[in-house]
Amino acid sequence: MKDNILNIDSRIKLLLYFLSLIIILLPIDNTGRIFFLTLMLPFFFILKINWKRVLFVLINFFTIFFFVEFFNMFFIKEPDYINWGIAFKIGSLKVYWYSFYLSFSIAFRFFLLILISLFFSTIMKLDEMVYTFQWILKPLSYFKVPTDDLAVMFSIAIRFLPILKDDINNIMLAQSSRNIFSNKSPKIFIYKIKYFSSSIIVLLTGLFEKADSLAIAMENRGYIPSKKRSFYFQNNYKKSDFILLFIFIILFIFFIFMAIEGGNIIPRIGDIEYWVMK
């Protein structure tokens with residue numbers, strides 16, 4: 001099952017990713033998003049996605065929730081048709097349960113967006129992403145746009161992200177080992193600005209050196225920007241790809257139905273309207 005998912009055509013994967021983003025952004029409320037999350041969870045177990053990455057997404061969910069709630073507690077009041085009451089008071093400030101609900105709804109949407117990105121970044125290899133990116137840009141080649149070169153630039157930019165992360169981590173570890181920020185004097189803010197500026201210079205210098213080494217390596221391997229390049233593999237559509245796409249389009253139509261007025265016949269157990277009617 002895992003191999004079947006990983007062997008899906010990369011263009012189909014990208015299309016499913018865009019359809020998933022549209023579903024999350026549709027006005028399907030929490031009920032639709034909870035149902036969509038329920039459909040996703042089995043695939044996370046099948047692919048055995050690293051639990052640390054999922055934990056990172058959960059931490060982002062709570063971060064976004066508390067950030068949004070900090071502002072909602074000052075501006076969100078309970079509507080007249082809801083009688084949930086006050087969660088707690090801070091002096092004269094009343095914090096309603098309704099504001100927590102709205103904060104959860106916003107954070108939950110961002111949570112799904114990040115989770116979807118994590119899922120598709122797991123099943124799509126970098127070479128597949130570059131190939132698909134070039135396939136998307138192919139119509140531009142008729143206007144003499146160098147799509148091959150753009151695909152190479154896209155590939156290099158993605159490959160540089162882990163290098164950039166490692167360089168930043170090494171700089172932070174070097175600063176911590178030297179106790180740069182341990183000074184408790186009133187001028188600590190000035191010291192932070194000074195060392196932050198120097199860290200940026202070191203980071204940029206290292207990136208330029210790596211970019212120069214990469215350019216020399218590409219020239220030694222016969223890279224010529226004006227010439228067409230070949231790929232290690234060529235994707236071909238399979239019957240299973242079209243079956244999967246058909247099933248997902250059916251689900252997409254279902255969520256469209258939920259987003260329109262006719263979708264109200266579906267019990268929205270995760271939304272306010274359902275509980276108010278009860």
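With contacts defined as side-chain heavy-atom distances shorter than 4.5 Å, the pair K94/S99 does not qualify. Side-chain contact between L15 and F248 is absent, with no heavy-atom pair separated by less than 4.5 Å. Considering only heavy atoms from C-beta on, T122 comes within 4.5 Å of R53 through its side chain. Taking 4.5 Å as the limit, every side-chain heavy atom of I247 sits out of range of all side-chain heavy atoms of F242. With a 4.5 Å cut-off on side-chain heavy atoms, F110 and N60 do not count as touching. Using a 4.5 Å cut-off on side-chain heavy atoms (C-beta onward), S103 and F66 make no contact.
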Next item on the list: Test side chain to side chain contact (heavy atoms under 4.5 Å, CB included) on F119 and L115 and set out the steps.
Entry: CA-CA 6 Å; F119 176 78; L115 202 64; over 6 Å; no
Next item on the list: Quick one: do Y96 and Y101 satisfy side chain to side chain contact (heavy atoms under 4.5 Å, CB included)? Show the steps, please.
Entry: CA-CA 9 Å; Y96 295 90; Y101 170 79; over 6 Å; no
Next item on the list: Take L37 and F108, measure what side chain to side chain contact (heavy atoms under 4.5 Å, CB included) needs, and give me the verdict at the end.
Entry: CA-CA 10 Å; L37 177 61; F108 188 46; 4.0 Å; yes
Next item on the list: Applying side chain to side chain contact (heavy atoms under 4.5 Å, CB included), run through I136 and L14 and close with a yes or a no.
Entry: CA-CA 10 Å; I136 293 174; L14 186 65; 2.9 Å; yes
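You'll find the ring centres of F71 and F67 inside the 6.0 Å limit. Between F254 and F35, a ring centre-to-centre spacing shorter than 6.0 Å is recorded.
The aromatic rings of F70 and F74 stand perpendicular to each other, their planes meeting at an angle above 60°, with 30° marking the opposite boundary.
Between I90 atom CD1 and F88 atom CZ the span is 4.5 Å, to the nearest 0.5 Å. Distance CD1/I256 to CE/M258: 11.5 Å, rounded to 0.5 Å. From F44, atom CZ reaches atom CG of L118 across 5.0 Å, with rounding to the nearest 0.5 Å. Expressed to the nearest 0.5 Å, how far CG of L245 lies from CD1 of I250 amounts to 10.0 Å. One distance of note links OG of S20 with CZ of F252; it measures 9.5 Å at 0.5 Å rounding. How far CD1 of I28 is from CZ of R109: 8.0 Å, rounded to the nearest 0.5 Å.
Under the 4.5 Å side-chain heavy-atom criterion for ILVMFWY residues, no single connected hydrophobic cluster contains both F45 and L58. A continuous path of Ile, Leu, Val, Met, Phe, Trp and Tyr side chains, each step under 4.5 Å between heavy atoms, connects F65 with F75, placing both in one hydrophobic cluster. Follow the hydrophobic side-chain contacts under 4.5 Å out from L16 and you never reach F246; the two are in separate clusters. Hydrophobic clustering, with ILVMFWY side chains joined whenever heavy atoms are under 4.5 angstrom apart, keeps F56 apart from W51. Side-chain heavy atoms closer than 4.5 Å link hydrophobic residues (I, L, V, M, F, W, Y) into clusters, and following such links, even through other members, never connects L19 to I243.
A donor-acceptor distance shorter than 3.5 angstrom exists from the side chain of K13 to the backbone of I123, with no hydrogens or angles considered. Of the possible donor and acceptor atoms, none in the side chain of D29 sits under 3.5 Å from a partner among the backbone N and O of T31. Looking only at distances, a side-chain donor or acceptor of R33 sits under 3.5 Å from a matching main-chain atom of I24.
When all heavy atoms of I86 and W97 are compared, the pair lying nearest together is O-NE1, 3.7 Å. Nearest heavy-atom pair across M73 and V95 is CE-CG2, 3.7 Å. Across all their heavy atoms, G32 and F255 have their closest contact at O-CE2, 3.4 Å.
Within a 6.0 Å radius of CZ in F43, no more than 12 heavy atoms belonging to other residues, nucleotides or ligands are found. For K48, the NZ atom sits in a loose shell: 12 or fewer heavy atoms of surrounding residues, nucleotides or ligands are nearer than 6.0 Å.
Annotation: side-chain contact (heavy atoms from CB on, under 4.5 Å) contacts of I59 (sequence neighbours excluded): L55, T63.
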